[in-house]
Amino acid sequence: MSDERAAYLASLVRDVPDFPKPGVLFKDVSPLLADPRGFRTVVDALAEAGEGVDLVAGIEARGFVLGAPVAYALGVGFVPLRKAGKLPGPTVSVSYQLEYATAEIEARAETVPQGARVLLVDDVLATGGTLVAGAQLLERCGAAVERAAVLLEIGPLGGRDRLGGFPLTALLTV
Ligand SMILES: O=P(O)(O)OC[C@H]1O[C@H](OP(=O)(O)OP(=O)(O)O)[C@H](O)[C@@H]1O
Ligand SMILES: Nc1ncnc2[nH]cnc12
């Protein structure tokens, strides 16, 4: 992405100190999602990163906002990895820690095509706990993450180093 486009996207991310907990600098991407040029630029760039995959998965909730239009743009299906308790069973689940909370995500294995090569989409990579859990969940469902793509990577939290077996595209890094 050009420097000019990246600067435009970065100008639409709002810093919120001490949210949701003291000491956390929350990166609020809502203004970017609400901006027509910004939203389209992000969806197009994430889709470009996923060329060649045969499925997109997104992690609840902000990963749905980006992942579904990316799947549409790529002409492939979308699988929601949901926070625990939202899907009727049988489900497969993985618990994990993120920067400011603990959580559990679930999927229905029969909605995941066996052997699918997946683009895993989320808005923010912080500690990496969420993406690692998403990849584990997809693997348990019989698919493999080919690559991950996020709008924003928070570099100092070291998430990229935890990802292991798949490459990551981040449109912005702070
Ligand atoms: O790299 P990590 O430290 O795991 O953090 C990144 C995750 O944190 C946020 O999700 P959150 O669970 O707050 O949910 P939301 O999308 O429902 O707001 C964000 O949307 C990522 O999924
Ligand atoms: N600092 C942060 N800002 C926005 N989303 C996040 N998810 C985890 N850490 C975050």
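Whatever order the structure lists ligands and atoms in, that order sets their numbers, starting from 1.
Under 4.0 Å from ligand 2, not a single heavy atom of T127 appears. Residue-level proximity to ligand 2 for K27 is carried by backbone and side chain together, each with a heavy atom below 4.0 angstrom. With a 4.0 Å heavy-atom cut-off, ligand 2 is reached by no atom of K21. Using a 4.0 Å cut-off between heavy atoms, D123 contacts ligand 1 through its side chain alone, with no backbone atom that close.
Screening V118, L120, V56, T111 for a side-chain contact (heavy atoms from CB on, under 4.5 Å) with V79, the sole residue that qualifies is T111. Applying the side-chain contact (heavy atoms from CB on, under 4.5 Å) test between V121 and each of L151, L66, V150, I59 identifies L66 as the sole match.
Ligand 2 is never approached by L98 to a heavy-atom distance shorter than 4.0 Å. At a 4.0 Å cut-off, not a single heavy atom of I59 sits close enough to ligand 1 to count as contact.
Checked by distance only, ligand 2 and L25 come closer than 3.5 Å through their nitrogen or oxygen atoms. Checking only distances, A126 does come within under 3.5 Å of ligand 1, N or O to N or O. The shortest N or O to N or O distance between Y96 and ligand 1 is not below 3.5 Å. Residue contacts with ligand 1: G128 is placed with a nitrogen or oxygen under 3.5 Å of a nitrogen or oxygen of the ligand (distance criterion only). Some N or O of D122 is nearer than 3.5 Å to an N or O of ligand 1, by distance alone.
Heavy atoms from other residues, nucleotides or ligands lying under 6.0 Å from CZ of R5 number 12 at most.
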